[in-house]
Amino acid sequence: MADVNGDGIDDGPVVERTTVVNTDRGGGSGGIVAIVALLAILVIGYLLYQNGVFGGSKTEINVPDKIELNVN
């Protein structure tokens, strides 16, 4: 028998145990999906920016000189 904790009392037999942890979860495709989604968001944002959806350098406001109103 063995005194495991050093207090002078026999603690019984020492049993060695092994724990096996399986970490194979499919290859980590979540990271690839995140990268593809990020690239898609960047491309869509760039295309919207080029089309002027976010506001460009030009601001044109057309105000008519005269408004005609017919009341019957």
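Quick note: numbers below take in every heavy atom, side chains included, and nothing from hydrogens, waters or symmetry partners.
For the side chain to side chain contact (heavy atoms under 4.5 Å, CB included) test, no residue two or more places apart in sequence or in another chain qualifies with V20.
Other residues sharing a hydrophobic cluster with I35 under the 4.5 Å side-chain heavy-atom criterion for ILVMFWY residues are L39. Listed by chain and number, the hydrophobic cluster partners of I41 come to none, as no ILVMFWY side chain reaches under 4.5 Å of it. Clustering of Ile, Leu, Val, Met, Phe, Trp and Tyr by side-chain heavy atoms under 4.5 Å joins V63 with I61.
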